[in-house]
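Here's the structure, in structure tokens; my notes come after.
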Protein chains: 2
Amino acid sequence: MKQYDHPAPEDFTLAGILHALADPFRLSVVRKLMQHQPQACTPLQGGRPKSSISHHFMVLRKSGLLRTEVVGVTHMNSLRLQDMEARFPGLLAAVLAAAEQEEMPAPQPVA
Amino acid sequence: MKQYDHPAPEDFTLAGILHALADPFRLSVVRKLMQHQPQACTPLQGGRPKSSISHHFMVLRKSGLLRTEVVGVTHMNSLRLQDMEARFPGLLAAVLAAAEQEEMPAPQPVA
DNA sequence: TCCATAGTTCGAATATAATCGAACTAATTC
DNA sequence: GAATTAGTTCGATTATATTCGAACTATGGA
């Protein structure tokens with residue numbers, strides 16, 4: 001394998017993107033890339049075996065959420081923010097905002 | 001069964017919502033309810049057997065996307081728009097906008 | 001009370017997805 | 001060119017979802 005195939009923005013499907021983001025591990029990868037881009041697969045793998053990681057990155061690539069470039073021996077991943085925005089404006093931002101929302105503790109009722 | 005249980009907004013999960021919306025049939029139900037609320041299950045069923053429909057409505061209920069009220073012999077469904085907005089502001093709107101986007105024909109390149 | 005309607009529940013079958021070890025590949029370094 | 005690194009691919013296993021028929025429940029009406 002030299003490089004990866006990535007779908008064109010017009011081939012992104014909403015179902016594919018929502019399915020990709022519905023998995024907590026994959027969502028966490030997207031969130032981490034949002035903080036720091038690009039990153040290789042290894043620092044994102046959270047103790048899982050390489051074959052599982054590879055599978056999740058494939059799902060993310062096929063959905064259009066990220067691009068993987070082979071750079072020497074490492075495979076660098078970055079979010080396709082512009083392509084996502086062109087195809088489905090505001091979608092990724094809304095999901096990421098929701099992920100942050102979910103992470104916040106539930107507000108305490110006023111005493 | 002008298003009435004259904006519905007999760008409280010603070011128990012909505014992003015994964016549950018994305019998973020619910022990642023299915024084309026369930027997304028179509030949400031979109032139809034967006035056009036016209038409330039509706040019973042039957043007019044939304046698109047030729048599928050009742051047991052399948054019932055399953056999809058259960059997934060939608062558990063995710064928090066819709067509420068089902070037993071009214072006489074029919075079960076009326078409506079979107080929990082306020083609850084969704086309170087829990088994950090802008091999320092449903094972004095997904096619905098993306099669904100509309102996806103439905104539009106690809107723009108033709110300028111000759 | 002009997003029947004029709006609307007939808008649920010059960011159970012089984014099928015399909016799709018996730019997980020992971022083992023063998024593999026491509027690029028880098030020594 | 002051998003060893004190392006980073007990640008893929010294969011194949012099997014398990015888990016999760018979907019599908020659907022059949023039997024069931026609750027309500028409303030004749």
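Protein chains get the first letters and strands the later ones, always in sequence-line order, with residue 1 at the start of each.
Relative to the side chain of A/Val59, the nucleotides D/dT19, C/dT19, C/dA18 differ in distance, and C/dA18 lies closest. Checking C/dG21, C/dT8, D/dT19 against the side-chain heavy atoms of B/Arg61 singles out C/dT8 as nearest. Here the nucleotide nearest the side chain of A/Val73, chosen from D/dT19, D/dC10, D/dT5, is D/dT5. Side-chain proximity of B/Thr74 to the nucleotides C/dA6, C/dA27, D/dA22 is greatest for C/dA6. For B/His75, counting side-chain heavy atoms from C-beta on, the closest listed nucleotide (C/dA18, C/dC20, C/dT8) is C/dT8. Side-chain proximity of A/Ser54 to the nucleotides D/dC20, D/dT9, C/dC20 is greatest for D/dT9. Minimum atom distance to the side chain of A/His55 is reached by C/dA18, of the listed D/dT19, D/dA26, C/dA18. Listed nucleotides: C/dA17, C/dT19, D/dA22. Nearest to the side chain of A/His19: C/dA17.
Note: NZ (A/Lys50) to C1' (C/dT25) measures 11 Å, nearest angstrom.
The structure places CG of A/Leu60 at 9.5 Å from CG of A/Leu27, a figure rounded to the nearest 0.5 Å.
The stretch residues 20-30 of chain A has no heavy atom under 4.0 Å from DNA chain D, so no residue of it qualifies as close.
Counted by atom type alone, B/Ser78 and B/Arg67 present zero donor-acceptor pairs between their side chains at under 3.5 Å.
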